[in-house]
Amino acid sequence: MNKVIYIGELALNVTLNPDGSASTRVGDRLVTASSLDGMMGVETVFVGEASADAVGDHIVAFLGQAGVDTGSIDRFSEGASPVRISSLVQGKPVIHSAYPLESVNPVWPRINEGDVVLFGSYMAIDKRNHDVIIDLLKHARARKAKVVSLPYFDTIRVPRITRVMPEVWDSLEMADLVVVTVDDLSALFPGEAPYKAFRDHIMFYCRRCLVLDYDNLAMRFFDGDDSWTLSCRPAKTDKERWVSGAVAGVARALSEGVADPTDIMAKADETAHSEIASEI
């Protein structure tokens, strides 16, 4: 089995509950997926940036406890890791962060033929880091790694999608496979059905795309003009955990050399419904 390398944003999520208590959760789908792969015994590396303070320590410790190699996380001292605060009672989430002016500067992991590199979140389209990440992805492709793009982002950080579309197109062009949710496609291409969004936009840059549809418990894999649909079992987890589990399963499948769309979706479905995915 080859190793899996995740590239994404590291943040601490804080949820304010109606009873006055608060709960925390580290990261988004890339972080959760990397943790699942690490806990399932896959050699997993996370590339990102976290402040050299208590919040950053907490984030890095979470990944380390899941078996993820954190040696490629840039620990900066000139700012603060993002803290995303949301309330179950009112309004939109609030994000507090303070990144350095310089781009991320981690120790890049060794990339071998057959390794899997997954990248996405706001970090991939942030102009501060975009060129650095694209350079790493070019290196990964030259090393014959499999590159997977997850073009999702927090809409609070991207109030006008047109401003980041050049970075989105760059990211899609680097990918061997694109993994998106129906909600991601709605944010990128408002009003367009998944098939139309793939055919009219994504396929020009990458001919393989997996669409995750939590609300209808389905996955649909596009490869050029061909497509396959998998009806998934009822999920015991929330949408984010289900999506993260599916991403982790895709990464595991590719790291094992699986290429058939139906087999990739089967592994994604299996991981999304695993006991470990419902507990993390």
Side-chain angles (χ1 to χ4, degrees), residues 1-7 29-30 32-45 67 111-120 137 140-141 143-152 172 174-182 184-185 194-195 197-199 202-203 205-237 239-278 280:
M1 183 184 294
N2 297 94
K3 69 175 172 292
V4 176
I5 300 165
Y6 285 86
I7 306 173
R29 73 183 68 163
L30 279 170
T32 304
S34 70
S35 303
L36 287 171
D37 280 335
M39 294 170 74
M40 291 181 175
V42 180
E43 183 181 358
T44 307
V45 180
I111 300 176
N112 300 313
E113 182 176 351
D115 286 347
V116 182
V117 179
L118 301 94
F119 73 104
L137 297 174
R141 290 177 65 90
R143 297 286 296 171
K144 298 183 179 179
K146 301 162 189 170
V147 178
V148 181
S149 172
L150 288 87
Y152 70 96
L172 295 178
M174 288 291 106
D176 301 298
L177 172 66
V178 176
V179 179
V180 292
T181 67
V182 171
D184 298 335
L185 290 175
Y195 172 69
F198 167 72
R199 184 195 61 199
I202 296 175
M203 190 168 70
Y205 299 93
C206 180
R207 65 177 288 110
R208 286 165 65 89
C209 178
L210 174 60
V211 179
L212 306 175
D213 187 348
Y214 176 85
D215 293 335
N216 292 303
L217 288 175
M219 300 180 186
R220 190 172 183 186
F221 197 111
F222 298 99
D223 189 342
D225 294 327
D226 299 320
S227 67
W228 299 259
T229 300
L230 175 69
S231 296
C232 303
R233 291 166 288 161
K236 297 180 181 179
T237 57
K239 182 181 292 188
E240 278 304 306
R241 285 184 173 86
W242 184 82
V243 170
S244 299
V247 171
V250 169
R252 287 174 58 219
L254 295 176
S255 72
E256 295 168 359
V258 176
D260 182 80
T262 56
D263 292 339
I264 292 173
M265 288 192 293
K267 181 72 75 173
D269 185 43
E270 171 193 313
T271 309
H273 291 86
S274 65
E275 186 105 359
I276 194 168
S278 63
I280 194 168

Exercise. Would you say the side-chain atoms of Arg141 pair up with the backbone N or O of Met174, donor to acceptor, closer than 3.5 Å?
Worked result: yes
For this session: Using side chain to side chain donor-acceptor pair (under 3.5 Å) as the criterion, list what pairs up with Asn216, not counting sequence neighbours.
Result: Asp213
For this session: Name all residues meeting the salt bridge (charged side-chain N to carboxylate O under 4.0 Å, His left out) criterion together with Glu43; count only those two or more places apart in sequence or in a different chain, and write none if there are none.
Result: none
Seminar exercise, completed: Sequence neighbours excluded, the answer for salt bridge (charged side-chain N to carboxylate O under 4.0 Å, His left out) partners of Lys146 is none
Exercise. With sequence neighbours excluded, what pairs up with Lys239 under the side chain to side chain donor-acceptor pair (under 3.5 Å) test?
Worked result: Asp183
For this session: Only counting residues at least two apart or in another chain, list the ones meeting ring-ring contact (aromatic ring centres under 6.0 Å, His included) with Phe198.
Result: Phe222
Exercise. Just by distance, with hydrogens left out, do Asp184 and Thr181 show a side-chain donor and acceptor under 3.5 Å apart?
Worked result: yes
For this session: Taking only Lys NZ, Arg NE, NH1 and NH2, and the carboxylate oxygens of Asp or Glu, determine whether Asp269 and Arg233 approach each other closer than 4.0 Å.
Result: yes
Problem set entry | Any donor-acceptor N/O pair, Ser274 side chain to Thr271 backbone, under 3.5 Å | yes
Exercise. CD1/Ile7 to CG/Leu150 distance, rounded to the nearest 0.5 angstrom?
Worked result: 11.0 Å
For this session: List the steps and the verdict of side chain to side chain contact (heavy atoms under 4.5 Å, CB included) for Asn2 and Val116.
Result: CA-CA 7 Å; Asn2 297 94; Val116 182; 5.6 Å; no
Exercise. How many angstroms lie between atom OG of Ser149 and atom CZ of Arg208, to the nearest 0.5 angstrom?
Worked result: 14.5 Å
Exercise. Would a distance-only check, ignoring hydrogens and angles, find a side-chain to backbone donor-acceptor pair under 3.5 Å from Asp115 to Ala145?
Worked result: no
Exercise. Within the distance-only criterion (no hydrogens, no angle test), does the side chain of Arg29 pair as donor or acceptor with the backbone N or O of Val243 below 3.5 angstrom?
Worked result: no
For this session: Please identify each residue that fulfils side chain to side chain contact (heavy atoms under 4.5 Å, CB included) with Ala268, with sequence neighbours left out.
Result: Met219, Ala246, Val250
Seminar exercise, completed: Result for salt bridge (Lys or Arg N to Asp or Glu O under 4.0 Å) between Arg207 and one of Asp226, Asp223, Asp225 points to Asp223
